[in-house]
K.L.:
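Let me begin by handing over the structure; questions about it come next.
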Amino acid sequence: MTETGLSGDPKRITSLLEQIASMSETPAPSGVTRLAYTPLEREAHAVFAGWMTALGLSVRTDEVGNTIAQRPGRKGGRAIGTGSHLDSVPRGGRFDGIAGVVAAAEVARLFVEQDLDHDHPLRFVAFAGEEGARFGQACIGSKAAGGMWTAEALGTVYDSDGVSIAAAMQALDFDPRQVEHAKWDRDDWAAFIELHVEQGEVLEAHVTSIGIVDLISGSTRFELTVDGRASHTGSTPMSLRADALCAAAELVLLCEEIAKDARHRGTRCTVGKLDVEPGSITTIPGQVRLAVDVRDVDSSRQRETANEVVSRGRDICLRRGVQLTTRLLSDASPVVLPAWIRDISSGVCKDLEVSYRVMYSGASHDSQMVGHVVPAGMIFVPSRAGLSHVPEEWSSSSDIALGIEVLTRSLRALDVQLTRLGR
Ligand code: GLV
Ligand code: MN
Ligand code: MN
């Protein structure tokens with residue numbers, strides 16, 4: 001069938017984004033809160049499944065809550081997929097992940113409404129639990145698809161209320177013991193491309209419409225616990241204190257200093273969470289827990305940074321007479337995305353005369369995880385002022401619509417190329 005235009009429809013995009021954004025624990029001005037493995041996240045998946053069913057596609061939910069819709073291809077064989085995630089960080093934006101799921105829905109609509117042919121099955125995916133905000137562990141659903149979880153491991157990672165990923169899954173009627181069945185089979189998948197908002201300001205600064213991702217940063221996340229001595233703020237002389245928060249303050253600045261020095265330039269190191277005990281204005285802090293997130297596109301530099309924070313952190317704590325303990329939360333390596341998929345999307349941009357640049361991703365993505373079993377690519381669309389994980393996160397529907405056109409054409413080109421190569 002001949003195509004009548006392969007761009008997403010900006011009005012529909014806005015409306016689909018709004019439908020998902022309305023499912024939030026926090027009201028609109030405070031941003032979107034739809035955390036991993038919560039009933040609200042499942043509601044969003046049900047809405048996506050409804051969109052897919054309305055287009056006549058078959059839809060299934062896998063063992064860990066990833067929703068996967070399929071349109072059969074003329075020849076069958078291995079599938080080509082697209083999609084992203086539907087959960088958010090606390091008080092986050094309405095585009096991170098959602099833009100990629102809405103893009104998948106729009107691609108599906110374009111194929112169905114225009115009755116476009118394709119040889120390979122097309123799959124449209126909403127991954128579960130991508131954000132590391134709740135469990136410290138990013139990409140839970142896509143790591144299962146990548147075959148990177150065991151049932152035991154799901155029982156050892158907890159949120160701040162002490163609920164494990166396994167328990168959170170069970171509360172939603174998923175059986176964590178079945179996690180290994182969610183693994184994607186290499187013989188069943190040919191390629192995957194995820195559209196995502198950039199979450200940085202490179203595209204906007206360079207007045208460029210599309211980013212084509214070559215590298216996705218890795219992350220090492222760990223918790224530092226500083227144990228000092230709690231006591232009365234009035235009666236304890238300054239010389240007799242073991243103030244855990246003063247040591248923690250030095251640790252925060254240490255993270256910044258290490259990431260900014262010449263050896264680590266390009267590394268991002270952040271303390272995004274501090275829990276101070278007992279948290280009273282009249283008690284010297286006795287214990288502080290810090291959550292540290294190290295990101296890098298260079299895997300050795302990523303791990304060296306984490307090790308240096310811990311070793312120099314120990315010296316700080318020794319000098320201050322407090323104790324330091326460390327707990328690894330997660331560790332994911334940077335990933336190089338295959339050049340042949342990038343080349344397909346670059347070719348599409350050239351044909352369309354759309355400006356693009358090849359760039360790395362500072363954030364983690366589901367493609368990083370499914371990339372372990374299926375060749376994956378990523379297309380970025382601009383983010384206003386580069387803001388993300390905040391209520392101000394914004395990408396225009398017309399920019400997303402153009403991204404959808406590049407995505408749709410890339411998927412079609414992949415279909416043709418894979419058929420030509422007999423794959
Ligand atoms: C995912 O959004 C991340 O934190 O990189
Ligand atoms: Mn995301
Ligand atoms: Mn995110």
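We count ligands from 1, going down the list as the structure has it; atoms in each ligand are counted the same way. Start at 1 with the first residue, then count along the sequence.
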K.L.:
Out of all atoms in ligand 1, which are within 4.0 Å of some heavy atom of Asp96? Include the element for each.
P.N.:
2 (O)

K.L.:
Could you check, using the six-membered ring where one of them is a Trp, whether His365 and Phe380 have ring centers closer than 6.0 angstrom?
P.N.:
yes

K.L.:
Once the angle between the rings of Trp189 and Trp184 is folded into 0 to 90°, is it parallel (under 30°), tilted (30 to 60°) or perpendicular (over 60°)?
P.N.:
parallel

K.L.:
Using heavy atoms and a threshold below 4.0 Å, how should the contact between Val89 and ligand 1 be classified: side chain, backbone, both, or neither?
P.N.:
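Under 4.0 Å from ligand 1, Val89 contributes no heavy atoms.
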
K.L.:
For atom 4 (O) of ligand 1, what's the nearest protein heavy atom and its distance?
P.N.:
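Result: Arg295 NH2, 2.8 Å.
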
K.L.:
Enumerate the atoms of ligand 1 whose separation from the nearest heavy atom of Ser364 is less than 4.0 angstrom.
P.N.:
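The atoms of ligand 1 under 4.0 Å from a heavy atom of Ser364 are 1 (C), 3 (C), 5 (O).
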
K.L.:
For the side-chain contact (heavy atoms from CB on, under 4.5 Å) test, which of Glu25, Arg94, Glu393 pairs with Val32?
P.N.:
Arg94

K.L.:
State, to 0.1 Å, how close Ser355 and Ser209 come at their nearest heavy-atom pair, and which atoms those are.
P.N.:
OG-N, 3.0 Å

K.L.:
Heavy-atom contacts with Ala363 under 4.0 Å: which atoms of ligand 1 show up? List them by number with element.
P.N.:
5 (O)

K.L.:
Going by the atom numbers of ligand 1, which of them fall below 4.0 Å from some non-hydrogen atom of Glu130?
P.N.:
1 (C), 2 (O)

K.L.:
Check contact between His365 and ligand 1, using heavy atoms of the residue and a distance below 4.0 angstrom.
P.N.:
no

K.L.:
Less than 2.8 Å away from the Mn ion (ligand 2), how many protein N/O/S atoms can be counted, ignoring water?
P.N.:
3

K.L.:
Would you find a donor on one side and an acceptor on the other, under 3.5 Å apart, between the side chain of Gln199 and the backbone of Ser388?
P.N.:
no

K.L.:
Tell me, please, which residues at least two apart from Arg134 pass side chain to side chain donor-acceptor pair (under 3.5 Å).
P.N.:
Asp159

K.L.:
At what distance is the nearest protein heavy atom to atom 1 (C) of ligand 1, and which residue and atom is it?
P.N.:
Glu131 OE1, 3.4 Å

K.L.:
For Val335, is there any backbone N or O sitting under 3.5 Å from a side-chain donor or acceptor partner on Gln368?
P.N.:
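The answer is no, because no donor-acceptor pair under 3.5 Å joins these two groups.
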
K.L.:
According to the salt bridge (Lys or Arg N to Asp or Glu O under 4.0 Å) rule, which pairs have a member within residues 344-370, sequence neighbours left out?
P.N.:
none

K.L.:
Going by atom types alone, do His196 and Asp96 pair a side-chain donor with an acceptor below 3.5 Å?
P.N.:
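Indeed, the side chains of His196 and Asp96 share at least one donor-acceptor pair under 3.5 Å.
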
K.L.:
Considering residues at least two apart in sequence or located in another chain, which fulfil the salt bridge (charged side-chain N to carboxylate O under 4.0 Å, His left out) criterion with Arg109?
P.N.:
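Arg109 satisfies salt bridge (charged side-chain N to carboxylate O under 4.0 Å, His left out) with Glu106, Glu113 once adjacent residues are dropped.
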
